[in-house]
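What you see is a predicted model; the values in this text were computed from it and never measured.
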Amino acid sequence: MSRTAVKSNKMHKSVGDRAVTAVFYAFAALFGLACLYPFLQVIISSFADEVTLVREGYKLIPSKFSLDAWRTLFGSDELGYAYALTIGITVVGTFCCMLVTAMAAYALSGKRLKYRNFFNFIYYLTMLFSGGLIPYYILLTNYLHLRDNLLVYIIPMSFNVWNMFLLRNFFNDIPESILESARLDGAGEITTAFKIVLPLSLPALATVSLFTALSFWNEWMTSQLYITNEKYFTLQYIIVRMINNIDAASNMGQSGLPAGVVSVPSNTLRLATAIATVGPIILLYPFLQKYFVAGLRVGGVKG
C-alpha cells in the first residue's frame, strides 16, 4: 500500500471519529436540554400569574407575571428560621449518622470481630421487620422523652443499616495488606479507621453522605408527629402546612393571605416551594459530584 493511500485511510478514520464524537456530543447536549427544560419551566411558571397559569397552562413565557406565590412563600418570618433550623439539622444529623454508620461498617468489615456474622444477621433482620409506627412513637415519647426536642430529628436517624452494609462492602475491598502494614507500625483500630480506611473511602462516604443529607433535608413527618413547638418546625413541614392552608383558603376565600396578594396562588405556590426546597441541595451536589460518580462505579472493576 502506498504512502498516499495510508495517509488517506488515516484521514478518513480521523474524519469518521470526529463525526461520531460530534454526534455523541450533540446527543448529550440535547439530552441535557431535555432534562433541564422541566426545571426551567418550573422556575418560570412560579413567577406566572395564577389566573394566567390556570387559563393558559404551562408556557415557557407566560403572558402575565406575578410575585404572589413568592410573597406568600416568604411572607412569614417563620420560614427563614425554619430554613436555618433545617440546614443545621441536616449538617449535624448527616455528620452524626455518617460517624456512627461508618464506625459500625468498619467494625463489621474484614474478619476482626468475632461474632460479626451474628451482628450482620441482626442488622439485616431489622431491614425486613419493624415494630410499626405505634411502638416507635411510644419509644420516642415515653421512654426517650424526645417530644418537642430537637434531638428527635437526629437520634432516630443517626444510624442507617442499608448504608452501613454499603460502606462495609466498600471497606472489604481495601487490601488487607495495607491494614496489616498499619498495625505493624503500631497503629490502633481508631488510627487505622480514621487515617487509613476512611480517607481511602472518600467516594463511598461522599455518596452515602449525599443520600443521608437528602433524607434529613426532606424529613417532615417527624415535625407532625413529635413537635408541637412551632419554633422547632422544619422547612418541609412548614411548606406542607402552608400549601394545605392555601388549598383551604382557595375554597373559603382570600382571608389570611399576606398583604399584596390578590388571589390564592395555589398552583404557582407549589412550583415556588419546589424551587425553594431544592435550592440548597443543588448547591451541594456539584461539590460531591466527582465523589458521587466514583462511588457509583465502586465494584465495577476488580483489581
Side-chain angles (χ1 to χ4, degrees), residues 78-108 119 122-127 129-168 170-171 190 193-194 198 201-202 204-241 273 276-285 287-288 291-292 295:
E78 65 179 359
L79 191 68
Y81 182 81
Y83 242 112
L85 179 64
T86 305
I87 292 175
I89 291 174
T90 301
V91 173
V92 176
T94 301
F95 174 79
C96 294
C97 182
M98 290 304 302
L99 180 62
V100 176
T101 304
M103 290 299 96
Y106 174 76
L108 295 176
F119 290 113
I122 295 298
Y123 285 135
Y124 178 70
L125 195 64
T126 62
M127 297 176 60
F129 306 99
S130 65
L133 179 60
I134 295 178
Y136 184 71
Y137 180 86
I138 295 175
L139 173 65
L140 294 184
T141 56
N142 294 352
Y143 292 94
L144 298 181
H145 305 288
L146 293 179
R147 178 186 290 274
D148 283 334
N149 192 326
L150 290 178
L151 293 178
V152 75
Y153 294 112
I154 298 175
I155 292 180
M157 298 177 61
S158 61
F159 181 71
N160 188 286
V161 178
W162 174 258
N163 292 337
M164 186 274 293
F165 282 124
L166 290 179
L167 293 178
R168 186 205 62 176
F170 192 95
F171 294 163
I190 296 180
F194 283 95
L198 295 185
S201 307
L202 284 180
L205 292 175
T207 303
V208 175
S209 296
L210 180 61
F211 293 148
T212 303
L214 285 173
S215 300
F216 278 99
W217 181 261
N218 293 325
E219 178 61 32
W220 65 273
M221 184 63 71
T222 301
S223 297
Q224 186 176 24
L225 293 177
Y226 308 105
I227 302 297
T228 58
N229 189 345
E230 294 187 358
K231 294 182 179 180
Y232 293 162
F233 286 160
T234 59
L235 174 67
Q236 308 297 341
Y237 178 71
I238 288 180
I239 288 178
V240 169
R241 190 178 63 171
T273 55
T277 54
V278 80
I281 299 301
I282 290 181
L283 297 177
L284 175 65
Y285 184 81
F287 297 99
L288 299 178
Y291 298 111
F292 180 71

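- Ring pair F159/Y123: centre-to-centre distance below 6.0 Å.
- With rounding to the nearest 0.5 Å, the separation of OG1 in T222 from CD1 in I154 is 11.0 Å.
- Between the CG atom of L202 and the OG atom of S209 there is a distance of 9.5 Å, given to the nearest 0.5 Å.
- Residue-environment remark: OH (Y232) stays at or below the threshold of 12 foreign heavy atoms within 6.0 Å.
- Residues L167 and A102 approach most closely at CD1-CA, 4.0 Å, considering heavy atoms.
- When the shell of 6.0 Å around OH of Y124 is examined, it contains 12 or fewer heavy atoms from other residues, nucleotides or ligands.
- Heavy-atom minimum distance, C97 versus M157: SG-O, 3.3 Å.
- Interatomic distance, T94 OG1 to L210 CG, rounded to the nearest 0.5 Å: 9.5 Å.
- Summarising the local packing, CD1 of I134 is surrounded by 12 or fewer heavy atoms from other residues, nucleotides or ligands at distances under 6.0 Å.
- A pairwise comparison of heavy atoms in T277 and L235 identifies CG2-CD2, 4.4 Å as the closest pair.
- Atom CD1 of I190 has 12 or fewer neighbouring heavy atoms from other residues, nucleotides or ligands inside a 6.0 Å radius.
- Not one N or O on the side chain of T273 forms a donor-acceptor pair closer than 3.5 Å with the backbone of I239.
- For the residue pair M164 and A105, the shortest heavy atom distance occurs at O-CB, 3.5 Å.
- In the model, Y153 has a side-chain atom that pairs as donor or acceptor with a side-chain atom of S223 under 3.5 Å.
- Using a distance-only test at 3.5 Å, with no hydrogens or angles considered, no donor-acceptor pair links the side chain of N229 to the main chain of D148.
- Around atom CZ of F165, more than 12 heavy atoms belonging to other residues, nucleotides or ligands sit under 6.0 Å away.
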Verdict with supporting geometry, Y137 and Y226, side-chain contact (heavy atoms from CB on, under 4.5 Å): CA-CA 8 Å; Y137 180 86; Y226 308 105; 3.2 Å; yes
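- The shortest side-chain heavy-atom distance between V208 and M98 falls under the 4.5 Å cut-off.
- Aromatic ring orientation, W217 versus Y83: tilted (interplanar angle from 30° to 60°).
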